[in-house]
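Only one structure is covered here, and it is reproduced in the block below.
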Amino acid sequence: MGSTTRHWAWAAAPLTLALLAAAGCTSTPEAPTRATGAPAASGAPATSVARVCDRPAAGPVKAPAGAVTVDPAVVGDLTAKTRNSPPHTTFWLRPGTHRLDPDRYAQVVPKEGDRYLGAPGAVLDGRKKNQYAFGGDARDVTIRHLTVQGFAAPQDEGVVNHDSADGWVIEHAVIQHNSGAGLMAGARQRVRASCLRGNGQYGMNAYKSGGRIGGLVVEGNEVVGNNTGDWERRRKGCGCTGGIKFWAVDGADVRGNWVHDNRGTGLWADTNNNDFRIENNVLEANDGAALIYETSYNAVIRHNTIRRNNWVEGRRAADRGDTFPFATVYLSESGGEPRVTARTDKIEIYRNVLADNWSGITLWENADRFCNSPANTSSGDCTLLVRDTERCAKPAIARAPLYADCRWKTQRVDIHDNRFVLDKSVVGCTVKCDRMAVLANYGTYPDWSPYQGERVAEAITRTQHNRWHRNVYRGPWKFVVQDPSQVLDFVEWQSTPYQQDAGSTFRVRAGGRDAR
């Protein structure tokens with residue numbers, strides 16, 4: 001699995017609503033009738049959140065007709081009955097704590113079409129002895145109303161759907177307090193109305209070895225308190241944590257989720273993802289960014305409520321004197337690309353409310369990060385536009401089409417009709433928490449790079465069609481362009497040569513407060 005880093009060195013190398021209701025969805029106690037700063041007009045961001053961890057939906061109290069009953073008093077009963085049953089069997093787990101054999105590799109290996117239904121109070125517990133709960137390559141497996149906890153998956157591996165099989169459905173499940181990732185993902189996977197809580201590395205790691213994941217749906221879930229192992233500190237710059245991490249996913253709908261209080265990033269799409277719709281989510285109180293979209297393509301990010309994120313990581317960077325605009329929504333070497341098939345040919349960010357986060361949206365491009373560059377931290381990956389990676393070398397890389405195609409570009413990003421609210425007294429900051437940004441570093445590395453100097457910084461700022469317009473700003477916002485040393489006020493941001501935020505409004509009151 002590739003590892004990436006988002007840190008940089010300057011000048012150096014309708015179903016949604018039904019599922020939420022079924023999950024016992026409601027507004028948070030702190031939430032007003034509509035999101036902080038949200039306009040009352042139709043199309044305002046969602047305020048209801050999927051409180052499925054506190055209120056999981058109950059499973060069937062009796063075994064469905066034809067189901068195989070699994071007894072918690074018999075250790076390994078689930079594994080044995082799965083092994084001895086034909087495909088497309090339904091298993092009903094009685095109330096109580098179910099256990100596998102004590103061998104570390106003991107796990108349930110479903111057959112195609114198997115269904116696992118938990119009765120109220122049914123728990124599958126790995127007792128920190130078993131690494132995996134459900135594995136194998138069987139397609140179209142369903143897990144409902146079951147709590148899976150206490151498994152000890154290794155780093156980067158997952159407990160449920162360990163082998164990233166296709167077509168799995170996980171609904172009304174609680175997957176909590178495991179090491180590694182709570183679950184992995186395969187193509188056409190559906191994760192709905194489930195609680196992904198307190199897992200050691202990720203709530204879900206959407207990664208499939210040797211392939212891309214298509215048709216992923218993540219809907220109406222609560223994703224909370226993940227990365228208890230604090231992996232970014234254990235392996236500095238690993239890029240290996242998040243509430244949910246996505247790798248090489250081609251088509252994802254991420255909607256109606258409550259992603260909150262994760263250590264690090266809430267949602268992180270990393271390396272050659274494409275065609276995401278991230279909508280109607282509440283992303284709040286994550287230690288790092290609410291959303292990172294990195295070395296990826298084509299997305300719609302709309303109707304989300306994003307509040308109180310990045311306080312820990314943003315403040316930590318400011319305290320160490322880092323001038324980079326660490327943001328709550330961070331696009332790193334990601335943009336719209338018409339040649340990569342998707343439901344959109346740009347990255348469009350609109351009708352979101354961002355309230356009292358540490359900074360806003362940063363568009364960033366690392367001039368030294370491209371195919372075959374030693375500074376490419378994506379473990380040898382290349383863009384989706386170049387099949388033969390070896391072509392990205394001198395002298396060909398300096399000429400069209402490879403000059404453009406060998407690097408991930410932050411381009412065609414359209415940011416409009418959002419509401420940005422900042423009260424520094426709420427965030428508890430005085431500086432470096434108030435920035436929007438579009439910038440790159442000065443290219444220096446390697447010595448054969450055709451992107452040295454300010455070429456990339458000029459391009460991302462002026463010629464790659466990145467645009468803010470028709471937004472509403474409330475609070476003391478500043479704007480960083482081209483490099484961290486250039487910090488503009490709103491008038492300068494709107495003026496030549498940048499001409500950003502046409503049709504937008506900007507208002508500051510004492511302390512950053514504004515009538516909302």
Check: Between Lys245 and Asp156, is there a salt bridge with N-O shorter than 4.0 Å?
Finding: no
Notebook entry, point to check: When you look at Arg507 and Arg474, which way does the side chain to side chain contact (heavy atoms under 4.5 Å, CB included) test go after all the steps?
Noted result: CA-CA 5 Å; Arg507 183 167 61 182; Arg474 297 293 180 259; 3.5 Å; yes
Item checked: Residue of the set Asn262, Asn286, Leu267 for which side-chain contact (heavy atoms from CB on, under 4.5 Å) holds with Val223 -> Asn262
Check: Does any non-hydrogen side-chain atom of Asn366 lie less than 4.5 Å from one of Glu333?
Finding: yes
Note to self: A quick test of your reading: do over 12 heavy atoms of other residues, nucleotides or ligands sit less than 6.0 Å from CZ of Arg391?
What the structure shows: no
Checklist line | Heavy-atom check, side chain of Trp408 versus side chain of Asn272, under 4.5 Å | finding: yes
Notebook entry, point to check: Backbone N or O of Phe246 within a donor-acceptor pair of the Asn273 side chain at under 3.5 Å?
Noted result: yes
Next item on the list: Return the orientation label for the Trp258 and His260 ring planes: parallel under 30°, perpendicular over 60°, tilted otherwise.
Entry: parallel
Next item on the list: Apply side-chain contact (heavy atoms from CB on, under 4.5 Å) to Lys208 and list each qualifying residue two or more places apart in sequence or on a separate chain.
Entry: Ser164, Asp166, Ile213
Next item on the list: Sort and list the pairs that fulfil salt bridge (charged side-chain N to carboxylate O under 4.0 Å, His left out) and have at least one residue in residues 484-502, not counting sequence neighbours.
Entry: none
Next item on the list: Ignoring hydrogens and angles, tell me if any N or O in the side chain of Arg455 forms a donor-acceptor pair with the backbone of Pro450 under 3.5 Å.
Entry: yes
Item checked: Heavy-atom pair of closest approach, residues Asn161 and Gly186 -> ND2-N, 3.9 Å
Check: Run the side chain to side chain contact (heavy atoms under 4.5 Å, CB included) check on His416 and Arg467 step by step: do they pass?
Finding: CA-CA 8 Å; His416 65 92; Arg467 184 181 178 218; over 6 Å; no
Notebook entry, point to check: So, Asn310 versus Glu313: side-chain donor-acceptor pair below 3.5 Å or not?
Noted result: no
Note to self: Using modelled atom types and a 3.5 Å cut-off, is there a donor and acceptor pairing between side-chain atoms of Asp381 and backbone atoms of Thr271?
What the structure shows: no
Item checked: Asp417 bridged to Arg470 by N-O distance under 4.0 Å -> yes
Notebook entry, point to check: Between Asn221 and Leu196, is there a donor-acceptor pair closer than 3.5 Å when you use the side chain of the first and the backbone of the second?
Noted result: no
Next item on the list: Please name all residues satisfying side-chain contact (heavy atoms from CB on, under 4.5 Å) with Pro338, sequence neighbours left out, ordered by chain then number.
Entry: Asp345, Arg412
Margin query: To check you understand the geometry: which heavy-atom pair defines the closest contact between Lys424 and Pro476, and what is its length?
Written below: CE-CG, 3.8 Å
Margin query: Whether the side chain of Asp483 engages the backbone of Ala457 through a donor-acceptor N/O pair (distance < 3.5 Å, no angle test) should be reported.
Written below: no
Notebook entry, point to check: Do Val481 and Trp493 pass the side chain to side chain contact (heavy atoms under 4.5 Å, CB included) test, and can you show the C-alpha distance, the side-chain angles, and the key distance before you say yes or no?
Noted result: CA-CA 9 Å; Val481 295; Trp493 174 246; 3.4 Å; yes
Check: Do Ile397 and Tyr451 come within less than 4.5 Å of each other through their side chains, counting heavy atoms only?
Finding: yes
Item checked: Minimum-distance pair of heavy atoms, taken over all atoms of Trp358 and Ala318 -> CZ2-CB, 3.7 Å
Notebook entry, point to check: Are we looking at SG atoms under 2.5 Å apart for Cys392 and Cys382?
Noted result: no
Item checked: Nearest-0.5 Å distance, CZ of residue Phe420 to OH of residue Tyr473 -> 5.0 Å
Next item on the list: Check for a donor-acceptor pair, side chain of Gln189 on one end and backbone N or O of Trp168 on the other, with a separation under 3.5 Å.
Entry: no
Checklist line | Any side-chain heavy-atom pair of Arg212 and Leu384 under 4.5 Å | finding: yes
Check: How many angstroms lie between CG in Asn227 and CG in Asp287, if you round to the nearest 0.5 Å?
Finding: 9.0 Å
Check: Can you tell me how far CD of Glu232 sits from SG of Cys240, rounded to the nearest 0.5 angstrom?
Finding: 5.0 Å
Check: How far does NZ of Lys409 sit from CZ of Arg407, to the nearest 0.5 angstrom?
Finding: 8.5 Å
Check: Minimum heavy-atom separation for Ala437 to Leu439, with atom names?
Finding: CB-CD2, 3.9 Å
Checklist line | Donor-acceptor side-chain pairing of Asn274 and Asp250 below 3.5 angstrom | finding: yes
Notebook entry, point to check: Could you give the distance from NE2 (His162) to CG (Asn205), rounded to the nearest 0.5 Å?
Noted result: 10.5 Å
Next item on the list: Evaluate the side-chain proximity of Phe276 to Ile301: yes if any heavy-atom separation is below 4.5 Å, no if none is.
Entry: no
Next item on the list: Please report the shortest heavy-atom distance between Arg339 and Asp405, naming the atom on each side.
Entry: NH2-OD1, 2.9 Å
Check: Could you go step by step and tell me if Gln500 and Met436 meet the side chain to side chain contact (heavy atoms under 4.5 Å, CB included) rule?
Finding: CA-CA 11 Å; Gln500 291 288 1; Met436 299 282 168; over 6 Å; no
Margin query: Apply side-chain hydrogen bond (donor to acceptor under 3.5 Å, both in side chains) to residues Asn199 and Asn178 and explain how you reach the verdict.
Written below: CA-CA 5 Å; Asn199 296 290; Asn178 304 286; 3.1 Å; yes
Next item on the list: Would you kindly say whether Trp364 and Asn441 are connected by a side-chain donor-acceptor distance under 3.5 Å?
Entry: no
Note to self: Can a donor-acceptor pair be found, under 3.5 Å and without considering hydrogens, that links the side chain of Asn376 to the backbone of Pro374?
What the structure shows: no
Check: If you take all heavy atoms of Asp275 and Tyr293, which pair is closest and at what distance?
Finding: N-OH, 4.1 Å
Check: Is Glu279 close to Val300 at the side-chain level, that is, under 4.5 Å between some pair of heavy atoms?
Finding: no
Next item on the list: Tell me whether the centres of the aromatic rings in Tyr202 and Tyr207 are closer together than 6.0 Å.
Entry: no
Check: So do the side chains of Gln201 and Glu157 get within less than 4.5 Å of each other, counting heavy atoms only?
Finding: no
Notebook entry, point to check: Is the backbone of Asn309 close enough, under 3.5 Å, to the side chain of Asn357 for a donor and an acceptor to pair up by distance?
Noted result: yes
Note to self: Between Thr362 and Arg435, is there a side-chain heavy-atom distance shorter than 4.5 Å?
What the structure shows: no
Checklist line | Pairwise distance OH(Tyr330) to OG(Ser359) - rounded to 0.5 angstrom | finding: 12.5 Å
Margin query: Please check: side-chain N/O of Arg315 versus main-chain N/O of Gly428, any donor-acceptor pairing under 3.5 Å?
Written below: yes
Notebook entry, point to check: Distance-only, no hydrogens or angles: does the Gln411 side chain make a donor-acceptor pair with backbone N or O of Gly336 under 3.5 Å?
Noted result: yes
